J.: 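Let me give you the structure first, and then I'll get to my questions.
Just so it is clear, the structure is predicted and the values come from calculations on it, not from any experiment.
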Amino acid sequence: MIKKLIPFLGEYRRYAVLAPLAIVCETVDYVLTVGGMMAAMAVLALVFGAAAGRFAAMAATGYAKNLRQSLFKKVQEFSFSNMDRFSTASLITRLTTDVTNTQNVVMLML
């Protein structure tokens, strides 16, 4: 069927070939534009994600430092009866592991 209709294009064959080529060029241009925009957004997301992680880690580390400092001051105020009630190992655990776990929770929440 198409073979019978092609001869009627006559001197307009050139335009019949150029029309699909123009559509292909338009599509390629659009894909490159949107693809470039997507690549730029991916780079921005990477940068801002890394910055957010860094800021969260800095805030959580500062929080843990202040918490340890406060706990240490509180332990220094213990009376002798409290010192007998809590073992040294328990106090060290509170000043290290528990504060580190709290630090991790704060960082993940941020």
J.: For Thr100 and Arg68, what are the C-alpha separation, side-chain angles and deciding distance, and is it a side-chain hydrogen bond (donor to acceptor under 3.5 Å, both in side chains)?
T.: CA-CA 9 Å; Thr100 301; Arg68 278 191 190 96; 3.0 Å; yes
J.: If you round to the nearest 0.5 Å, how far is OG of Ser90 from CZ of Arg85?
T.: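 With rounding to 0.5 Å, CZ (Arg85) is 10.5 Å from OG (Ser90).
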J.: Please enumerate all residues that pass side-chain contact (heavy atoms from CB on, under 4.5 Å) together with Thr96, with sequence neighbours excluded.
T.: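 Once residues adjacent in sequence are excluded, the partners of Thr96 under the side-chain contact (heavy atoms from CB on, under 4.5 Å) criterion are Ile92.
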J.: In chain order, what residues pass the side-chain hydrogen bond (donor to acceptor under 3.5 Å, both in side chains) check against Ser81, with sequence neighbours excluded?
T.: Ser79
J.: Can you sort out the partners of Lys74 under side-chain contact (heavy atoms from CB on, under 4.5 Å), two or more places apart, ordered by chain and number?
T.: Glu77, Phe78
J.: Does anything in residues 50-61 pair up under salt bridge (charged side-chain N to carboxylate O under 4.0 Å, His left out), and if so which pairs, sequence neighbours excluded?
T.: none
J.: Would you mind listing every salt bridge (charged side-chain N to carboxylate O under 4.0 Å, His left out) that reaches into residues 101-110, with sequence neighbours excluded?
T.: none
J.: Could I get the full list of side-chain hydrogen bond (donor to acceptor under 3.5 Å, both in side chains) partners for Thr88, not counting sequence neighbours?
T.: none
J.: For Asp98, what residues pass the side-chain contact (heavy atoms from CB on, under 4.5 Å) criterion, not counting sequence neighbours?
T.: Thr93, Arg94
J.: Only pairs at least two apart or in different chains count here, so list each ring-ring contact (aromatic ring centres under 6.0 Å, His included) that has a residue in residues 31-52.
T.: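 Residue pairs passing ring-ring contact (aromatic ring centres under 6.0 Å, His included), neighbours aside: none found.
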J.: Just jot down the side-chain hydrogen bond (donor to acceptor under 3.5 Å, both in side chains) partners of Asn101, sequence neighbours excluded, or say none.
T.: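 Listed in chain order: nothing, the list is empty.
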J.: Between Thr61 (side chain) and Ala57 (backbone), is there a donor-acceptor pair under 3.5 Å?
T.: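 Checked: pair present.
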J.: Got Met58 and Leu110 here, is their nearest side-chain heavy-atom distance under 4.5 Å?
T.: no
J.: How would you list, by chain and number, every residue that makes a side-chain contact (heavy atoms from CB on, under 4.5 Å) with Leu67, sequence neighbours excluded?
T.: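 Once residues adjacent in sequence are excluded, the partners of Leu67 under the side-chain contact (heavy atoms from CB on, under 4.5 Å) criterion are Tyr63, Leu71, Val99, Thr102.
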J.: Taking only residues two or more places apart in sequence or in another chain, which ones pass ring-ring contact (aromatic ring centres under 6.0 Å, His included) with Phe55?
T.: none
J.: Only pairs under 3.5 Å count here: list side-chain donor-acceptor contacts from residues 10-37, not counting sequence neighbours, and write none if there are none.
T.:
unit_1: Thr27; atom_1: OG1; unit_2: Ile23; atom_2: O; d: 2.8
unit_1: Thr33; atom_1: OG1; unit_2: Asp29; atom_2: O; d: 2.8

